[in-house]
Amino acid sequence: MKKLLYLLGTVCLLYCFFSCAGKPVQIQSLPEEGQEPVPPEIREPDVSTVSLFSVEFPEIWAYLVDGTESYLSYDMPLTDVGYFGAEIDTYGSLINVPDPADIAGFTGRIHLVVCCNSTSLTHFCLEPEGNVRDGLIDELLAAAGPYDGLQIDFELVPKRDRDTFLSFLKELKAGLGDKMLSVAVPARTRTIENDVYDYEQIARIADRILVMAYDEHWSSSAPGPIASFDWCERIARYSLETVGEEKLIMGLPFYGRTWGNVSLNRAFYFSGIQRIMRENKVEQVYRENGIPWFSYEISPVTVTGYYEDVYSLSDRLNLYHDLGAVAVGFWCLGQEDPRIWQYLSIKKDL
């Protein structure tokens with residue numbers, strides 16, 4: 001029996017050898033353990049109708065999140081970094097203040113960014129008759145000591161706290177002295193009655209106002225651009241009129257979002273957008289009024305994504321430049337199409 005099996009095996013080997021002789025044999029090597037398979041290339045969206053602009057601004061800002069310091073390259077064309085992460089805890093105390101020594105190699109200005117994204121906590125901290133506000137102001141001024149400036153990013157100020165918010169900013173500015181006070185505000189295309197974020201009122205107090213001209217479409221909205229060009233132009237024109245070019249920073253997004261008929265809505269870094277397109281074998285990217293977008297299906301789910309690439313960012317920067325903006329700011333480092341840095345430079349004083 002063993003001899004019979006041996007004979008059959010020999011015949012099979014000889015058959016395979018002679019049947020394959022003279023034919024090229026394609027051997028597909030498997031990735032080594034721990035290595036990712038090489039993904040297929042993603043076809044770039046049509047760029048025949050778009051251009052790349054080299055743009056320069058006197059001030060170029062970017063946010064840097066504490067813990068992601070590796071995303072900041074000291075040769076990036078940046079004049080200012082907003083060091084993000086300081087927050088206010090349940091009791092109205094300042095926490096999670098980054099150490100500017102961690103990016104000591106950056107030669108521009110570094111600003112401490114403090115956020116508060118709770119209506120009740122914001123009211124609690126702004127109330128002048130409470131016992132929290134004065135202590136918080138002292139903590140903010142002390143924390144800003146090693147920084148070049150302080151930025152307030154309170155995005156959920158209650159409507160009735162409009163005047164107390166303005167007085168809070170006045171106290172901070174008085175305490176900062178020569179240091180810069182900047183305020184991040186939501187995008188506006190027109191004046192809103194009794195607006196908490198009244199551009200003109202805040203501009204009378206702050207040294208800079210960063211207008212967050214992004215999230216036109218958000219996680220729970222219908223799919224669409226993070227910041228369409230028509231929308232951005234209206235924001236820029238209104239902001240220049242109410243704030244003035246000397247104090248205005250036009251904010252731009254680096255990120256993208258996806259939407260689906262099942263809850264797949266998320267924000268992504270540029271690299272994350274590229275990853276999900278590769279994983280889902282997206283072969284075609286389109287361009288809608290300058291903004292790249294794509295769509296793919298995971299039965300029975302259809303996913304649509306909008307994001308920013310070097311072309312859309314360059315086009316928007318050129319738009320702001322032509323409208324008269326002299327400062328721009330990005331949310332945030334690490335999320336960008338890295339090619340954008342080739343087309344951006346700091347305008348030097350003559």
Side-chain angles (χ1 to χ4, degrees), residues 41-57 60-63 77 186-189 210-219 221-240 248-259 265-277 282-296 302-345:
E41 288 294 323
I42 297 171
R43 189 182 304 168
E44 284 278 359
D46 179 27
V47 295
S48 61
T49 59
V50 295
S51 301
L52 282 171
F53 300 93
S54 293
V55 190
E56 59 179 14
F57 292 91
I60 303 174
W61 293 52
Y63 287 105
R188 296 283 189 263
T189 59
L210 188 142
V211 175
M212 297 180 287
Y214 34 82
D215 269 355
E216 177 187 7
H217 296 86
W218 58 97
S219 60
S221 76
I226 307 302
S228 67
F229 287 105
D230 289 344
W231 185 70
C232 288
E233 181 175 354
R234 296 199 306 273
I235 293 168
R237 290 186 183 279
Y238 175 74
S239 301
L240 285 164
L248 174 64
I249 308 166
M250 285 302 303
L252 294 90
F254 274 156
Y255 59 95
R257 288 189 185 276
T258 58
W259 292 263
N265 304 348
R266 287 183 59 196
F268 285 90
Y269 295 6
F270 178 82
S271 59
I273 286 285
Q274 300 297 300
R275 176 181 56 78
I276 65 168
M277 286 196 290
V282 174
E283 296 182 353
Q284 181 65 58
V285 179
Y286 305 91
R287 194 170 292 276
E288 177 184 304
N289 297 323
I291 307 296
W293 71 276
F294 62 91
S295 181
Y296 63 88
T302 299
V303 176
T304 301
Y306 283 80
Y307 66 102
E308 299 293 329
D309 66 1
V310 63
Y311 293 93
S312 59
L313 288 167
S314 166
D315 203 359
R316 191 178 292 103
L317 286 165
N318 189 60
L319 168 68
Y320 290 156
H321 180 273
D322 288 349
L323 289 173
V326 298
V328 292
F330 300 102
W331 177 268
C332 70
L333 292 178
Q335 299 182 353
E336 73 271 22
D337 179 343
R339 295 174 293 180
I340 189 57
W341 302 116
Q342 303 172 38
Y343 300 93
L344 195 57
S345 58

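Residue numbers start at 1 and run along the sequence shown.
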Contact summary for [X] and [Y], nearest pair of heavy atoms:
{"X": "S314", "Y": "V55", "answer": "O-CG2, 4.4 Å"}
{"X": "E336", "Y": "C332", "answer": "OE1-O, 3.9 Å"}
{"X": "M250", "Y": "A213", "answer": "CE-CB, 4.0 Å"}
{"X": "I235", "Y": "T189", "answer": "CG1-CG2, 3.7 Å"}

*Side-chain donor-acceptor pair present, Y343, N318, cut-off under 3.5 Å*: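 No, no side-chain donor-acceptor contact under 3.5 Å.
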
*Between the side chains of S48 and D46, does any donor sit under 3.5 Å from an acceptor?*
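Distance-only check passes for S48 and D46.
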
_Using ring centroids (six-membered ring only for Trp), state whether H217 and Y306 fall under 6.0 Å._
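Centroid distance Y306-H217: not below 6.0 Å, so no.
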
*asked:* Do Y311 and D337 have side chains that approach each other closer than 4.5 Å (heavy atoms only, starting at C-beta)?
replied: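 Not touching, per the 4.5 Å side-chain cut-off.
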
*Counting only heavy atoms not in N289, do more than 12 fall under 6.0 Å of its CG?*
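No, because the 6.0 Å sphere around CG of N289 holds 12 heavy atoms or fewer from other groups.
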
_Which residues share a side chain to side chain contact (heavy atoms under 4.5 Å, CB included) with F229, sequence neighbours left out_ =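 Testing F229 for side chain to side chain contact (heavy atoms under 4.5 Å, CB included), a comparison that skips the adjacent residues, returns I291, S312, D315, R316, L319.
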
_Cation-pi, F268 ring and R266 (6.0 angstrom, 45 degrees)_ =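 Yes - R266 lies over the ring of F268, closer than 6.0 Å to its centre and within 45° of its axis.
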
*Not counting sequence neighbours, list each pair that qualifies as a salt bridge (Lys or Arg N to Asp or Glu O under 4.0 Å) and has a residue in residues 282-292.*
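Applying salt bridge (Lys or Arg N to Asp or Glu O under 4.0 Å) to every pair that reaches into residues 282-292, excluding sequence neighbours, yields R287-D309.
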
*Look at the rings of F330 and F254 and say which category their plane angle falls in: under 30° parallel, 30 to 60° tilted, over 60° perpendicular.*
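Plane angle under 30°, so parallel.
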
*Residues that E216 engages under salt bridge (charged side-chain N to carboxylate O under 4.0 Å, His left out), provided they are two or more places apart*: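 With neighbours one apart ignored, the set is empty.
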
